[in-house]
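The chains referred to below are lettered A, B, ... by the order of the sequence lines, with proteins before strands, and numbering in each begins at 1. Computation of the quantities below employed the complete heavy-atom set of this structure, encompassing side-chain atoms and omitting hydrogens, waters and symmetry-equivalent molecules.
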There are 2 protein chains.
Amino acid sequence: MNASIEKRAQGLSSTLLETPVKASASAPGKVILVGEHFVVEGSPAIAVAVDVRARATAEAAEGDLVTISSRELGEASFGPGAGGGPLYPVYVAVQEIFKRAGRRAGLRLTIESDIPPGAGMGSSAAVAAAAAAATARLLGLPLSPDEIAQAALAAETIVHGKPSGIDPAVTSYGGAIYFKRGAKPERISADFGRVRLVLADSGIQRSTGALVARVLETKRRHPEVLEPLYKAAANLAEKARSALEKGDFATVGELMNINHGMLSALGVSNAKLEELVYAAREAGALGAKITGAGGGGMIVALCWSEDAERVARALSGIAARTIIAPVSEKGATSALARAPTSRPSS
Amino acid sequence: MNASIEKRAQGLSSTLLETPVKASASAPGKVILVGEHFVVEGSPAIAVAVDVRARATAEAAEGDLVTISSRELGEASFGPGAGGGPLYPVYVAVQEIFKRAGRRAGLRLTIESDIPPGAGMGSSAAVAAAAAAATARLLGLPLSPDEIAQAALAAETIVHGKPSGIDPAVTSYGGAIYFKRGAKPERISADFGRVRLVLADSGIQRSTGALVARVLETKRRHPEVLEPLYKAAANLAEKARSALEKGDFATVGELMNINHGMLSALGVSNAKLEELVYAAREAGALGAKITGAGGGGMIVALCWSEDAERVARALSGIAARTIIAPVSEKGATSALARAPTSRPSS
């Protein structure tokens, strides 16, 4: 334990005993603007945080069990040692905070999320980030976005095996993130005030892992075709970054359209995704594409704010779900609140 | 006039006077398998002749006028000197034969075509090739496929201004043609006996010239993105050629799918074309893609022969027209026939 962590940890239990409080936190979902799939082989990708959020509240509890409850996933309690089940990744994120704090604490955590799960919007990373941020806030432990991202990444490793790290970075930092495998994620300086993202869910379930494996297999079979395509995608992501920095959203939209075709070339599109993409473009989106693994999941349309309602209307009749969301400049945020009503009765 | 042409021309009028005959010819439509748009900037493309044909019959007529008639385009007569109108390109092809023969002749030409016009299937080149072949046959002038292609190219120059030459080459040679701008078209040695092409017409009219210009403008704006994409397309065409030569149609189909995504990246797809492409793939096509300029026009699906009916059925409800066609190993063909009934009455 280093000196700084030791200092943070001191007075922790006294705070909890003196002032039983509740801490709440939220963290945004993510949408990949350009570069998915290509990022797996070293091309850059750009993702943005969207104001569709996961929330967590943390309250002190007797003992050293961490009880996590969710409307969708039920409730589970975790003590020291290994665990499992759908809520275990959230506990892993909380454990990371305990490690930083230098001690465990009894906690009651409630999580909820507006982010559609399994849709490539980073729902699990956002839930983990919110849980980590709420826990740290309750323990009086100030965390940087990097530290929240590391806690969420630990949770993601349970969920995905070998996560890219893009979801934890985006949900922790907010805004737009330039991501390249093996390099530290960079926040892109861009002003998204004039635009909205319209997300449309195909309603088709798919396995991200299977799609990634199939794309890599196609690349292995046709390297002379796909390697220059990956080069094109890498250059596209660089150009999109520079267009974002200039606020040139028309170019960003055009590059998203080109990127969509490249994803189609990788074999991850289908009839429903194409229907959604062209409906969005025809309704006036600056650009529209598959976001995430494809094969199902969601499409994202970039729109001027004033066009977002029209684009969403065009999609609502043919999508399983349509969401209009601004880019969230804020990543994971947390706050303390006195919570007399939820004070343990014992 | 060289000796060979002089020799061919001798006895021409005596043949016509002694044995009034009719000559008929037909020439196939073309479908681009891979490489459209990319071919404009120097990548290779592969096109195949399909057994959907244009036909022409030529009969000797008094005087030196060439009268061309078509059910769709009416009738027009052309003398020496400039001309115009929709049938003029056909006359230009006939004129090329007169140049080779070393003299004009009075002719009555009837043309008809099963090839949908304006659909990127090389209808105008096939009509011109059939007219040229029928005329040459009537005049007793043996022509190589190259010579027929040159006559059709002269007609295409009237129609398109600066034609690529791919349509005249395919309709004259038949089979599969590897084409690269500025190089002589090469016939690919491939056996298409086990496969069929299913063509589906979107019913959407578009201007090939405008689409080509828009793609080039996109390339000019984003060279760092599109140049590697063009490299990928060039490598794809080479790989498709080698797969065709091996009879590996599964790989050809897969490469067609990848090529379709690249065309989508160029911005020439739309909702209807995508609907057709995915309907064909889902019905069991080996591959399906836009063929030709995109923006409308047709898609082509490559199928095992036994699957063609099923794929066509899946398309027939959503396409303006669906055609099942084998690849035509034969290019432009012609034959003489005695034609006593159509002998001029004078």
Can you name the nearest heavy-atom pair linking B:Gly261 to A:Ser264, along with the distance? CA-OG, 3.3 Å
For residues 226-240 of chain B, give me every residue with a non-hydrogen atom less than 4.5 Å from any non-hydrogen atom of chain A. B:Leu226, B:Pro228, B:Leu229, B:Lys231, B:Ala232, B:Asn235, B:Leu236, B:Lys239
B:Leu273 side chain near A:Glu274 side chain, heavy-atom distance below 4.5 Å: no
Given a strict heavy-atom distance threshold of 4.5 Å, which part of A:Glu275 is in contact with chain B: side chain, backbone, both, or neither? neither
Taking B:Asn257, B:Leu255, B:Val277 one by one, which has the highest count of heavy-atom pairs under 4.5 Å against chain A? B:Leu255
List the atom pairs, with distances to 0.1 Å, where a side-chain N or O of residues 286-293 of chain B and a protein N or O form a donor-acceptor pair under 3.5 Å, not counting sequence neighbours.
from: B:Lys289; atom 1: NZ; to: B:Leu33; atom 2: O; distance (Å): 3.1
from: B:Lys289; atom 1: NZ; to: B:Glu36; atom 2: OE1; distance (Å): 2.9
from: B:Lys289; atom 1: NZ; to: B:Glu36; atom 2: OE2; distance (Å): 2.8
from: B:Thr291; atom 1: OG1; to: B:Ile32; atom 2: N; distance (Å): 3.1
from: B:Thr291; atom 1: OG1; to: B:Ile32; atom 2: O; distance (Å): 2.9

Taking atom CD as the centre, does A:Glu309 end up with more than 12 heavy-atom neighbours from other residues, nucleotides or ligands that are less than 6.0 angstrom away? no
Which residues in residues 173-210 of chain B have any heavy atom lying under 4.5 Å from a heavy atom of chain A? none
In this structure, are over 12 heavy atoms from other groups packed under 6.0 Å from A:Glu224 atom CD? yes
Inter-chain contacts: residues 278-285 of chain B against chain A, heavy atoms under 4.5 Å: B:Tyr278, B:Glu282
Side chain from CB out, backbone as N, CA, C, O: work out which of these in A:Leu263 comes under 4.5 Å of a heavy atom of chain B, or both, or neither. neither
Side chain / backbone / both / neither for A:Ser269 at chain B, heavy atoms under 4.5 Å: both
Report yes if the side chains of A:Met262 and B:Val225 come closer than 4.5 Å at any heavy-atom pair, otherwise no. yes
Pairwise side-chain contact, A:Ile258 with B:Leu266, heavy-atom cut-off 4.5 Å (strictly under): no
